[in-house]
K.L.:
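Questions regarding the structure given below will be posed in turn.
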Number of protein chains: 2
Amino acid sequence: MADVKTGYNPLFLREEELRQAMELLFFAYRDFTRVPDQILAKHGFGRAHHRVIYFVGREPGITVSELLRLLQITKQSLSRLLSQLVREGFIQQSPGAQDRRQRRLELTEQGRALERELSENQRRLIAAAYREAGAEAVEGFRRVMLGMIEEGDRRRFDRREGQPESGAGPRRLTR
Amino acid sequence: MADVKTGYNPLFLREEELRQAMELLFFAYRDFTRVPDQILAKHGFGRAHHRVIYFVGREPGITVSELLRLLQITKQSLSRLLSQLVREGFIQQSPGAQDRRQRRLELTEQGRALERELSENQRRLIAAAYREAGAEAVEGFRRVMLGMIEEGDRRRFDRREGQPESGAGPRRLTR
DNA sequence: GTTTTTACGTCAGCCATGTTGACTTTTATC
DNA sequence: GATAAAAGTCAACATGGCTGACGTAAAAAC
């Protein structure tokens, strides 16, 4: 175990180490979302809109139920977000080719512009952290983070070049 | 850069790598907070109460303004959380010894019990991820996460045994 | 071809948690 | 004694979760 400075009381270190991890998550997430939240506020949107914009940008043609599975919120909540984003011209819908019940979602040009603006900042933050920490640390970061993520969503992170396939079946549609 | 499988298009990999990091954060945070959120709901509390309980448990005797700096919310928001937690017997206040304007906060026995219940789950999740990933990966995880955290809060994570000293001065009290 | 299931939507209302702005009380400090 | 700081309070508002109930259209099953 990474042999830390003095003392070496493994029990204490373990407890302390785990607490530090909890705090790392809290602080990193807090700081990771700060700037995007400010940008979103100018449009009258919130963090939830960002998540929708992000995943629709990431997987153009994604369906509502796939989005629901990723976000793990209720369809009523998602519906509110989506209808705002459609109404204001950031997302457009079109019926699925095989299954015409589906609404396939994609960003409009305006939506792509906002997406870029939002993620630019986050990419910069991460790129800086990656650069500082070095390639080996990045690999470790990936491994630890993956271990905390629910099984069904891990496949997104297989080293690959194509688009993600959004995992297994649905899991809590309306509850 | 950790030499990934095929292709090796560094530009694509970079973009893809950064997007993956964003998603790792999103999914890990989502799954990290799921169980505690359920426990809190049984008490009529939310995630914000958890953060207060956590930091008060972590730094007994912490003052309101120190908490405000950590959480970066307004004192009105914090005040609502605190008064609920005090009213329901999870936190108790006592005036500061030197400065009697301060309310020094600490968990009651009931508060400590809830804190343990909440963090037990998160510790288990992290411990499992740490174990799977290995000591070296853990070190990398720390380094990357630290790089994303605002300067003033990094000192909390210096390798040490004592209690954290809650960083620099205040930063947005009521705005 | 009728029935059932699925994908999606909608209305109404509740709660938690963030916000702003204005004002008060208590205590330290200059 | 005046000023500043730590904390609290009241009021009002927005976002984004939630539940429950109901509706519609298309696909799938019988």
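A note on names: the letters A, B, ... follow the listed sequences, proteins ahead of strands, and every chain is numbered from 1.
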K.L.:
Judged by modelled atom types alone, do B:Arg47 and B:Thr33 share a side-chain donor-acceptor pair under 3.5 Å?
P.N.:
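Present: a donor and an acceptor within the cut-off.
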K.L.:
Please name the pair of heavy atoms, one in B:Arg100 and one in B:Pro95, separated by the smallest distance, quoted to 0.1 Å.
P.N.:
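Looks like O-CB, 4.0 Å.
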K.L.:
When you look at B:Met22 and B:Gln20, which way does the side chain to side chain contact (heavy atoms under 4.5 Å, CB included) test go after all the steps?
P.N.:
CA-CA 5 Å; B:Met22 292 164 58; B:Gln20 286 209 359; over 6 Å; no
K.L.:
Rounded to whole Å, how long is the line connecting atom CG of B:Leu71 with atom P of C:dT19?
P.N.:
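Value for this atom pair: 10 Å.
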K.L.:
Which whole-number value in Å describes the distance from B:Ile62 CD1 to D:dA7 P?
P.N.:
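Answer to the nearest Å: 10 Å.
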K.L.:
Take the protein atom CG of A:Leu78 and the nucleotide atom P of D:dC18, then report the distance between them rounded to whole Å.
P.N.:
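Rounding to the nearest Å, CG of A:Leu78 and P of D:dC18 are 11 Å apart.
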K.L.:
Check the pair B:Leu70, B:Ile62 against side chain to side chain contact (heavy atoms under 4.5 Å, CB included), reporting the backbone distance first and the verdict last.
P.N.:
CA-CA 11 Å; B:Leu70 291 172; B:Ile62 192 174; 4.0 Å; yes
K.L.:
Round to the nearest Å and state the distance from B:Gln38 atom CD to D:dG17 atom P.
P.N.:
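Roughly 16 Å, once rounded to whole Å.
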K.L.:
Regarding A:Glu17 and B:Tyr130, is there a side-chain donor-to-acceptor distance under 3.5 Å anywhere?
P.N.:
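No, no side-chain donor-acceptor contact under 3.5 Å.
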K.L.:
What is the separation between atom CZ on B:Arg69 and atom P on D:dA7, rounded to the nearest whole Å?
P.N.:
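Value for this atom pair: 14 Å.
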K.L.:
Would the number of heavy atoms belonging to other residues, nucleotides or ligands and lying under 6.0 Å from CD of A:Gln110 be above 12?
P.N.:
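Result for CD/A:Gln110: enclosed.
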K.L.:
Between C1' on D:dG16 and CG on A:Leu40, what's the gap in Å once rounded to a whole number?
P.N.:
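The answer, rounded to whole Å, is 13 Å.
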K.L.:
Assign a letter to each nucleotide of nucleotides 8-17 of chain C from its 5' end: B, base within under 4.0 Å of a protein heavy atom; S, sugar-phosphate only; -, no contact.
P.N.:
BBBB----SB
